[in-house]
*Asks:* 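Mind having a look at this structure? Questions to follow.
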Amino acid sequence: MGNVGIHPILKEVAAIFNGVGKQVFLVGGAVRDLHLGKEAEDWDLATDARPEEVTSLFRRVIPTGIKHGTVTVRYKGYSLEVTTFRSESSYSDGRHPDHIEYASTIEEDLSRRDLTMNAIALALPGGERVDPFKGLEDIRARRIRCVGNPEERFREDGLRPLRALRFASQLGFTVEDATLAAIPGALSTTAKVSPERIRDELDKTIGSPRPSLALLLMEKSGLLGLILPELAACRGIDQKGFHRFDVLDHSLLACDYAARTEAPQSVRLAALFHDIGKPVVRKLDESGVWTFYQHEKVSAKMARDIGLRFRYPNAVIDRMVHLIAEHMFHYEANWTDAAVRRFIIRVGEEYLEDIYALRQADAYATAGIEGEPGFLAPLVSRIDGILAQNRALSLKDLAISGMDLIAMGIAPGKRIGIILKELLESALDDPELNTREKMLEIAEKLNWRYTQPQ
Ligand code: ATP
Ligand code: MG
């Protein structure tokens, strides 16, 4: 972890700054990632040039965050976020600095940053390291630590505790004691952070290789109760005889499994929230055993509320909710082909991969061991067989449409929909019936039945 290589483009850009007597440094996540031996995803630069000067130095400059002294420079196909040295200013709302104050040195700029590993600068073009808070030492010790006094830093910006824990999940680092201990005192500040900013951290946590690292620390420090009280309430909800773990540990294991198998975001979210309705629906039956009837419906509804609260896009919410609502299927070898077809229709072809992934995560998290990875195989092969014959049906696959029914003399309206649904049921029971002639015949009969006096 000695000197790190500086990209040639950064050297070119540095020459442009230096040519007018200005300094420029590579800062933030890119420097951290270089020290971890990772390719940086994007470049943040810090400079003593004011935003107007930066704008005058390059042809293509976009004022992306001009309120914070940041502009985006487009240079030879690369994108560089350039921020003028800033100093820490007051945050009376716990979210945004009241006004921006420029600083004159890189050291002062680094002192306003959140974590020591994020407060290292490399002078360009040479790459000399400026590391006043011993960030490199913390990176080597795989430790997350605030710059300066953690209580103060967290009270200035309530998002920082979430960032600290998110990095724990992304990097597999530990959080230094004083930093962790400062989180409870900053909860009222975190409570004021906008839902969108919290969602972005939640998303990065869930997108990390081990979401449970951050989520357990969130629980310990009170953040989970603040942000996801529904999930915090799953602690201690016992399901003995059924599961080895309480509902919270089970949910975290499921989410970790989804992350480890690189499942998409909606599956990870569904894994985390698939059982959150359990504390609400649980009841003791006569023999003294806890039951959780219909928990998937309640969990789905609660997950929708969470999604809306954090302003997730509707498409993400719908997908997650549908997966949760359908996660409780129990395949048996004696399912008829019609039953398998109904399953495909109910879940939807485009959700099958995700529902398998969710179910696998759920099974893993019940036992806490890998279990039988092939336990879904018999169902998957039945489904694949049916899909290969192209016999899974939905309304749009029927041999006739609503227009045909209207042409038969059925008045447009509710009855058309009802008849189409019944036609689909017939076709699911016996795909051979899905010809134009047979469908019209069945439709005639159905319509006749509707026209009879009750
Ligand atoms: P990544 O982009 O991988 O999520 P990053 O460290 O680059 O990680 P950014 O949000 O891009 O994070 O921020 C760039 C840098 O700005 C950080 O490395 C840190 O120095 C500083 N920073 C970002 N957010 C804050 C904050 N809330 N408080 C203080 N400093 C921050
Ligand atoms: Mg970044």
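All residue numbers in this chain count up from 1 along the given sequence. All values below were derived from every heavy atom in this structure, side-chain atoms included, with hydrogens, water molecules and symmetry-related copies excluded. Both ligands and their constituent atoms are indexed starting at 1 by order of listing.
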*Asks:* Determine, considering heavy atoms only, which of Arg163, Arg153, Lys204, Arg32 sits nearest to atom 3 (O) of ligand 1.
*Replies:*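 Among Arg163, Arg153, Lys204, Arg32, the closest heavy atom to atom 3 (O) of ligand 1 belongs to Arg32.
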
*Asks:* For atom 18 (O) of ligand 1, which of Ala121, Gly158, Gly28, Ala30 has the closest heavy atom?
*Replies:* Gly28

*Asks:* Answer with side chain, backbone, both or neither: which part of Leu115 has a heavy atom less than 4.0 angstrom from an atom of ligand 1?
*Replies:*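 No part of Leu115 is near ligand 1 at this cut-off.
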
*Asks:* Suppose we call two aromatic rings close when their centres sit under 6.0 Å apart. Are His327 and His322 close by that rule?
*Replies:*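 Between His322 and His327, which both carry aromatic rings, the centre distance is not below 6.0 Å.
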
*Asks:* Are Phe167 and Phe173 an aromatic pair, judged by ring center distance below 6.0 Å?
*Replies:* no

*Asks:* Thr70 pairs by side-chain hydrogen bond (donor to acceptor under 3.5 Å, both in side chains) with which of Thr84, Thr83, Asp44?
*Replies:* Thr83

*Asks:* Where's the contact between Asp114 and ligand 1, heavy-atom distance under 4.0 Å: side chain, backbone, both or neither?
*Replies:* both

*Asks:* State plainly whether the residues Glu156 and Arg112 are in salt-bridge range, i.e. N to O under 4.0 Å.
*Replies:* no

*Asks:* Just list the side-chain donor-acceptor pairs under 3.5 Å for residues 224-233, sequence neighbours left out, or say none.
*Replies:*
from   : atom 1 : to     : atom 2 : distance (Å)
Glu230 : OE1    : Arg309 : NH2    : 3.2
Glu230 : OE2    : Arg309 : NH1    : 2.6
Glu230 : OE2    : Arg309 : NH2    : 3.4

*Asks:* How does Trp43 reach ligand 1, by side chain, by backbone, by both or by neither, if only non-hydrogen atoms under 4.0 Å count?
*Replies:* neither

*Asks:* Is there a donor in the side chain of Asn118 and an acceptor in the side chain of Arg32, or the other way round, less than 3.5 Å apart?
*Replies:* yes

*Asks:* Answer with yes or no whether Leu159 contacts ligand 1, where contact means a heavy atom under 4.0 Å from a ligand atom.
*Replies:*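 No, Leu159 has no heavy atom closer than 4.0 Å to ligand 1.
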
*Asks:* Residue-level breakdown please: for Arg166 versus ligand 1, do any non-hydrogen atoms fall below 4.0 Å on the side chain, on the backbone, on both, or on neither?
*Replies:* side chain

